[in-house]
Amino acid sequence: MGNLRRTMLFCPASNPKHLFTAMIYKPDCLLFDLEDAVAYSDKIAARDLIAEALKVIDYENCEVFVRINSLNSEFGEGDVRELVPAGLRRMRLPMCESKADVERLHKLLDEVEEEHGIEKGSVKIQCAIETPIGVHNSLEIALASDRVVSISFGAEDFTRTLGTNRTREGKELFLARSTIVMNAKIAGVDSIDTVFADVGDAEGFMNEVREAHNLGFSGKSCIHPSQINLVHSVFTPSMDEVESSVKIVEAAAKADISKGGVILVDGKMVDIPVIEKAKRILSLAEGAGIYAGGQQC
Ligand SMILES: CC(C)(COP(=O)(O)OP(=O)(O)OC[C@H]1O[C@@H](n2cnc3c(N)ncnc32)[C@H](O)[C@@H]1OP(=O)(O)O)[C@@H](O)C(=O)NCCC(=O)NCCSC(=O)C[C@@](O)(CC(=O)O)C(=O)O
Ligand SMILES: [Mg+2]
């Protein structure tokens with residue numbers, strides 16, 4: 001299992017304070033935004049600011065992404081040409097609708113990496129799926145380049161382009177969410193659920209976080225520091241889960257059923273899928289720093 005991507009904290013790249021302090025909230029990933037959160041007149045200044053920040057700031061254990069502007073806009077290509085030499089190695093491509101969109105960014109990255117003597121393929125892409133056509137094409141998008149590490153869902157633009165409204169219940173998002181998760185799994189990349197805009201509605205937020213976790217997302221985009229620990233509490237295995245997973249894996253090893261066979265552990269059937277799920281929980285717990293190869297931390 002690669003990096004944990006339970007949380008991605010959006011920070012407008014035009015806000016110097018966020019660029020200097022956002023890592024103190026300890027999200028797994030920071031996502032500096034040059035797209036919708038930045039006013040048209042601030043786009044170039046925000047790009048320069050993030051380029052300087054990338055050169056001098058230590059973001060500690062946070063994986064840093066920048067959401068660039070669309071390559072169809074006057075800013076997208078410049079974002080890539082300035083930020084990659086400044087050290088950016090992860091970018092979110094907004095409004096991704098087809099394999100061709102990813103291939104266009106892939107080719108530009110090939111060129112920029114070569115021009116600056118950066119190892120080919122170093123820059124990874126997260127594709128944002130935010131339209132019905134994007135959802136429909138999400139498998140070809142996720143498979144379009146070996147640079148793609150994750151696909152994310154953007155429900156605000158999705159409901160806009162679907163011609164509906166986003167509800168607290170979220171039924172209008174179910175098919176899109178499930179499709180994105182399944183296609184991410186098929187492609188072997190992470191899937192990141194959308195933002196929840198009502199910062200004051202902790203209960204509504206938790207319902208969404210649990211839904212995203214149950215559907216199989218790897219994590220969730222956040223817009224406010226207060227959302228981070230809530231997401232981590234759902235996307236990190238509990239100590240009970242860790243303990244029962246250890247028990248399952250140990251019992252399975254003792255009974256030698258890792259290639260087939262069935263036993264009971266605490267009255268519940270354990271076979272290959274149960275063992276594999278238990279191993280996944282231990283791997284997540286290890287990534288979260290609460291379990292270390294046979295020991296709880
Ligand atoms: C909403 C608000 C202005 C409120 O700020 P306020 O400062 O009034 O809030 P306060 O509560 O006072 O903050 C308390 C303390 O936390 C600090 N603090 C707050 N937020 C922080 C933060 N984000 N990062 C670091 N630090 C932060 C703050 O500096 C203060 O620090 P201190 O003074 O020291 O106590 C702020 O949060 C914010 O800008 N959020 C991000 C908004 C954004 O990026 N939107 C675009 C992405 S969505 C999109 O585009 C849709 C999408 O594309 C999505 C997709 O594709 O996934 C689609 O289609 O669905
Ligand atoms: Mg959007």
Under the rule for side chain to side chain donor-acceptor pair (under 3.5 Å), what residues qualify as partners of H136, not counting sequence neighbours?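 Applying side chain to side chain donor-acceptor pair (under 3.5 Å) to H136 gives none.
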
Contacts of type side chain to side chain donor-acceptor pair (under 3.5 Å), residue D101, not counting sequence neighbours: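 Partners of D101 under the side chain to side chain donor-acceptor pair (under 3.5 Å) test: none.
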
Notebook entry, point to check: Any side-chain heavy atom of F196 within less than 4.5 Å of one from D198?
Noted result: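 In short, these two side chains touch, coming nearer than 4.5 Å.
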
Any side-chain heavy atom of V209 sitting closer than 4.5 Å to one from L230?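 Not touching, per the 4.5 Å side-chain cut-off.
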
Next on the checklist: Quick check on side-chain contact (heavy atoms from CB on, under 4.5 Å): which of V234, T236, L284 does R6 satisfy it with?
Outcome noted: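 Single pass found, and it is T236.
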
Original post:
With clusters built from Ile, Leu, Val, Met, Phe, Trp and Tyr whose side-chain heavy atoms come within less than 4.5 Å, directly or transitively, what are the remaining members of the cluster of M182, listed by chain and number?
Top reply: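 Besides M182, the hydrophobic cluster comprises nothing; the residue is isolated.
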
Do we see a donor-acceptor contact under 3.5 Å between the side chains of [X] and [Y]?
X: N183; Y: S138; value: yes
X: N137; Y: K99; value: no
X: Q227; Y: Y25; value: no
X: R104; Y: N72; value: yes
X: T131; Y: E97; value: yes

| task | For this output row, return yes or no: ring centroids of F20 and Y59 closer than 6.0 angstrom. | result |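 Between Y59 and F20, which both carry aromatic rings, the centre distance is not below 6.0 Å.
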
(request) Taking the six-membered ring for Trp and the full ring for Phe, Tyr or His, determine whether the centres of F10 and F65 are under 6.0 Å apart. (result)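 No.
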
Q. Linking I/L/V/M/F/W/Y whenever their side-chain heavy atoms sit closer than 4.5 Å, directly or via other members, would L109 and V102 fall into one cluster?
A.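 L109 and V102: one cluster.
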
Would you check if the side chain of [X] reaches a backbone N or O of [Y] as a donor-acceptor pair within less than 3.5 Å?
X: S283; Y: K279; answer: no
X: E172; Y: T159; answer: no
X: D79; Y: I68; answer: no
X: D33; Y: A37; answer: yes

Is R81 salt-bridged to E111, cutoff N-O under 4.0 Å?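 A salt bridge is present here (some side-chain N lies under 4.0 Å from a carboxylate O).
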
